[in-house]
Amino acid sequence: MSSAPTAASAAPDTVLVVDFGAQYAQLIARRVREARVYSEIVPGTTPVDEILAKNPAAIILSGGPSSVYEPGAPTMDPALFEAGVPVFGMCYGFQLMAQTLGGQVDNTGAREYGRTQLHVSRSGSTLYEGTPDEQPVWMSHGDACSAAPEGFEVTASTDVVPVAAFENDEKKLYGVQYHPEVMHSTFGQQILEHFLYRGAGIRPTWTTGNVIDEQVASIREMVGNKRAICGLSGGVDSAVAAALVQKAIGKQLTCVYVDHGLMRKGETEQVEKDFVAATGVELKVVDAEERFLNALKGVSDPEEKRKIIGREFIRVFEQAQAEIVAEAPGDQPVEFLVQGTLYPDVVESGGGTGTANIKSHHNVGGLPEDLEFKLIEPLRQLFKDEVRMVGQELGLPEEIVQRQPFPGPGLGIRIVGEVTKERLDLLREADAIAREELTAAGQDSQIWQCPVVLLADVRSVGVQGDGRTYGHPIVLRPVSSEDAMTADWSRLPYEVLEKISTRITNEVRDVNRVVLDVTSKPPGTIEWE
Ligand code: XMP
């Protein structure tokens with residue numbers, strides 16, 4: 001890869017979230033941003049001098065699955081607490097802080113999971129000012145802190161743990177045993193804001209409007225008078241990335257829409273019409289269906305499919321680049337490729353936290369080694385809801401900004417088995433029916449997304465009319481989620497499921513069963529591949 005600079009630069013007041021367990025850290029980072037303070041995640045294994053070298057305005061130690069007593073559990077260099085940087089420990093981070101600073105953490109066996117009542121013992125404290133003396137909080141721990149370190153004041157307890165929160169205003173060190181970042185901790189956001197504004201003295205100035213201004217300036221500087229291309233997938237991320245780059249460099253950007261034949265029904269038309277109408281962007285449509293289908297011939301392994309699709313994407317872009325240059329000889333070269341990579345993609349691909357690679361997201365892990373473009377990834381530090389806000393501010397149509405997520409590799413990873421044109425057509429029909437019925441039933445805002453999956457390698461016996469059938473099952477995978485890191489299956493009304501099932505089995509050839517996926521994430525992922 002020639003180089004992969006990111007267009008984004010850290011804001012001056014950055015809060016670093018030290019990650020001892022990926023899901024918690026991401027949620028905390030989002031909550032900090034909701035408090036209008038910029039935040040980034042660093043792995044729990046980052047040496048303290050490296051953390052401090054980033055000059056953070058404050059540090060948050062996240063929760064995590066370990067016990068401070070476990071051999072090999074993450075530890076913390078005491079130097080972190082002596083640097084004068086405000087620190088807030090949560091759950092595991094709290095216990096680590098207690099133990100490192102000389103407090104007492106006991107393996108009491110008194111486990112506390114779920115909703116618990118917190119008794120605040122000093123309501124005028126930095127963290128609890130203006131919140132009730134009794135408040136519900138979300139607990140998840142086995143160990144308990146029985147004595148705070150010297151110099152700390154205990155400001156809350158529960159029936160099970162004597163020290164559920166402690167504060168040291170002089171050293172600007174704070175900690176809570178529970179998870180203030182989860183919804184069930186009713187005053188959690190307020191307590192986090194108290195830490196940020198009162199404890200750490202940070203002013204809430206970060207907004208998605210700042211992101212647009214910063215990105216526009218940095219993209220202009222990076223691109224200069226060169227040109228860029230952007231792949232549009234029809235999804236929110238690439239649309240917002242393209243609109244942002246277009247705002248920065250106007251006609252120096254050409255968008256390329258690769259019709260890889262793995263799109264859902266009507267999606268190509270949406271890009272060709274709505275997006276162009278809203279932005280006035282230059283659009284080149286490449287018909288690459290045959291190429292993708294040939295490359296995918298005989299391939300059933302999900303990771304291999306993802307890698308092939310990612311690779312072919314880039315190849316088609318390179319070809320499009322050559323064509324764009326050839327069509328306008330004498331112009332500046334096309335040196336940059338815009339990608340709508342988001343922060344969770346970066347984290348899940350192992351780039352943010354050093355956590356395990358779960359799937360190769362086609363826009364991060366699947367890039368070939370010999371990529372000939374420099375990347376512009378203006379959304380690399382943003383969460384999905386923030387991307388939608390940026391899109392709204394840029395004036396993109398609601399249908400694009402509020403679209404449910406759709407994976408870059410498209411229907412290619414929703415066919416379990418080999419991908420063929422015939423199977424894609426069949427899945428497109430089933431998917432269109434499910435989408436139509438969900439919209440008609442007013443379910444779009446209730447669910448995060450609803451993958452419709454074809455089990456192409458499975459057949460089952462059915463009966464239709466007077467004849468025996470031997471068709472494929474279609475899986476409905478409606479999920480509710482806040483960020484796709486975790487998800488629950490959506491409890492759709494039976495009548496809606498019935499309607500979808502009846503229509504799919506009646507209208508889609510070769511499908512004789514519709515089944516519902518009732519698995520949360522974890523253990524399942526949202527997509528089947
Ligand atoms: P999983 O299946 O990992 O999906 O639980 C989490 C979210 O990511 C989407 N997804 C992708 N998006 N490129 C993308 O742009 C990909 O390769 C990809 N794989 C999964 C998925 O639809 C869900 O919203």
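First listed ligand is number 1; within each ligand, the first listed atom is number 1.
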Return the set of residues passing salt bridge (charged side-chain N to carboxylate O under 4.0 Å, His left out) with Asp488 (not counting sequence neighbours), or none when no residue passes.
Arg491
Indicate, as side chain, backbone, both or neither, the part of Pro405 found under 4.0 angstrom from ligand 1 when only non-hydrogen atoms are considered.
side chain
Are Glu418 and Lys297 ion-paired here, with the side-chain N under 4.0 Å from a carboxylate O?
no
Using only heavy-atom distances, determine whether the side chains of Ser460 and Arg513 contain a donor-acceptor pair under 3.5 Å.
yes
Could you work out, with ring-ring contact (aromatic ring centres under 6.0 Å, His included) as the rule, every residue matching Phe406, not counting sequence neighbours?
none
May I ask you to list the atoms of ligand 1 that are less than 4.0 angstrom from any heavy atom of Thr525?
1 (P), 2 (O), 5 (O)
Using a 4.0 Å cut-off to any heavy atom of Lys521, which atoms of ligand 1 qualify?
1 (P), 3 (O), 5 (O), 6 (C)
Give the atoms of ligand 1, by number and element, whose distance to some non-hydrogen atom of Ala484 is under 4.0 Å.
6 (C), 7 (C)
I'd like to check which ligand 1 atoms, numbered from 1 as shown, lie under 4.0 Å from a non-hydrogen atom of Arg306.
16 (C), 17 (O), 18 (C), 19 (N), 20 (C)
For atom 23 (C) of ligand 1, tell me which residue out of Lys305, Gln449, Lys384, Glu529 has the closest non-hydrogen atom.
Gln449
Can you label the angle between the Trp206 ring and the Tyr38 ring as parallel, tilted or perpendicular, going by 30° and 60°?
tilted
Check Trp489 against Thr519 and note the closest heavy-atom contact, atom names and distance.
CD1-N, 3.9 Å
Please say which of Asn512, Leu455, Leu454 ends up in a side-chain contact (heavy atoms from CB on, under 4.5 Å) with His472.
Leu454
Per-atom contacts of ligand 1 with Pro409, taking only distances under 4.0 Å to non-hydrogen atoms:
13 (N), 16 (C), 17 (O)
Any N/O of Arg414 closer than 3.5 Å to an N/O of ligand 1?
no
For ligand 1, which is the ligand I care about here, please tell me if Ile526 has any N or O atom under 3.5 Å from one of the ligand's N or O atoms.
yes
Any idea which atoms of ligand 1 are less than 4.0 Å away from a heavy-atom of Trp448?
24 (O)
